[in-house]
Amino acid sequence: MSMISLPLPRIRSDVLSVEQALAYRRSHRSFKDEPLSINDISQILWAAYGLSMPIKGFLTCPSAGATYPLELYLVVGTEDVELSDGEFLEPGSYRYLPKYHALAYVKPGHIKEKIYRACLSQKWVLQAKANIVIAADYGRTTQYYGERGIRYVVLEAGHCAQNIYLEATGLGLGAVAIGAFDDDELGEATGLREEVQPIYVVAVGIPRHRYFISENTLQEHLRMKRRRKGLV
Ligand SMILES: Cc1cc2nc3c(=O)[nH]c(=O)nc-3n(C[C@H](O)[C@H](O)[C@H](O)COP(=O)(O)O)c2cc1C
């Protein structure tokens, strides 16, 4: 299986505050037909499920008992992600390896269309330049927590997806979380092993329109609502 080292993650940034990323985050369903850079993909995958405490192997995403049941797969089409030398990532499915901050090419080919169909033909899946399939090997968590572990895994996927949303916003990109899909079709198209189930897809691209709200607008709105309710 061929492996690709991603550009190393950056932690320093003076682009947006956490509060701005939270305020400007929206679900985007209309993307420009422009590739994403491998630097952006690197940052997004690191934010989603990247190494942040090497000594313990802990990741950016909280995980029940640090069992880390999630596996992230990046699905791209032809010329969707531009490499630093001007070449493009080959189309197909790549597993993200947090330990090395690298990608393993698991399934080559034009599978983006299959992912789109598995996601009930939601057209933003096709328009997006990267679809991140968040999948899990539930056994890694249920072996310690039994049935309750199932809940923990799904909650973790939510944390992970939110990390993607916020990093995408910080980078000036757009994302949409997708829960409506056929599990078997998506798992098969992505190239998941039998013990790994898909939970969520996050489509990422360059949004046609960005969302913005000023602090003043937000505060004025809340003041007005309070006044109408008779609150001081
Ligand atoms: C569990 C879950 C599943 C979702 N599934 C889809 C989906 O299949 N397709 C889609 O376009 N949006 C999906 N969304 C996005 C919601 O529609 C979106 O978050 C909501 O409209 C609020 O908009 P906002 O994200 O811009 O705040 C999903 C969101 C969540 C939390």
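Every number for a ligand or one of its atoms is a count from 1 in the order of the listing.
Taking the six-membered ring where the residue is Trp, the centroids of H101 and Y96 are separated by under 6.0 Å.
Note on I44: it does not cluster hydrophobically with L97, by side-chain heavy-atom contacts below 4.5 Å among ILVMFWY residues.
With sequence neighbours left out, A177 forms a side chain to side chain contact (heavy atoms under 4.5 Å, CB included) with Y165, Y200. Applying the side chain to side chain donor-acceptor pair (under 3.5 Å) rule to R226 yields no partners; only residues at least two apart in sequence or on another chain are considered.
Sorted by chain and number, the residues within 4.0 Å of ligand 1 by heavy atom are R25, R26, S27, R29, Q122, W124, V176, A177, I178, G179, A180, Y200.
At most 12 non-hydrogen atoms from other residues, nucleotides or ligands lie less than 6.0 angstrom from CD of E147.
For residues 2-24, every residue pair satisfying the ring pair (Phe, Tyr, Trp, His ring centres under 6.0 Å) rule, not counting sequence neighbours, is listed here: Y24-F212.
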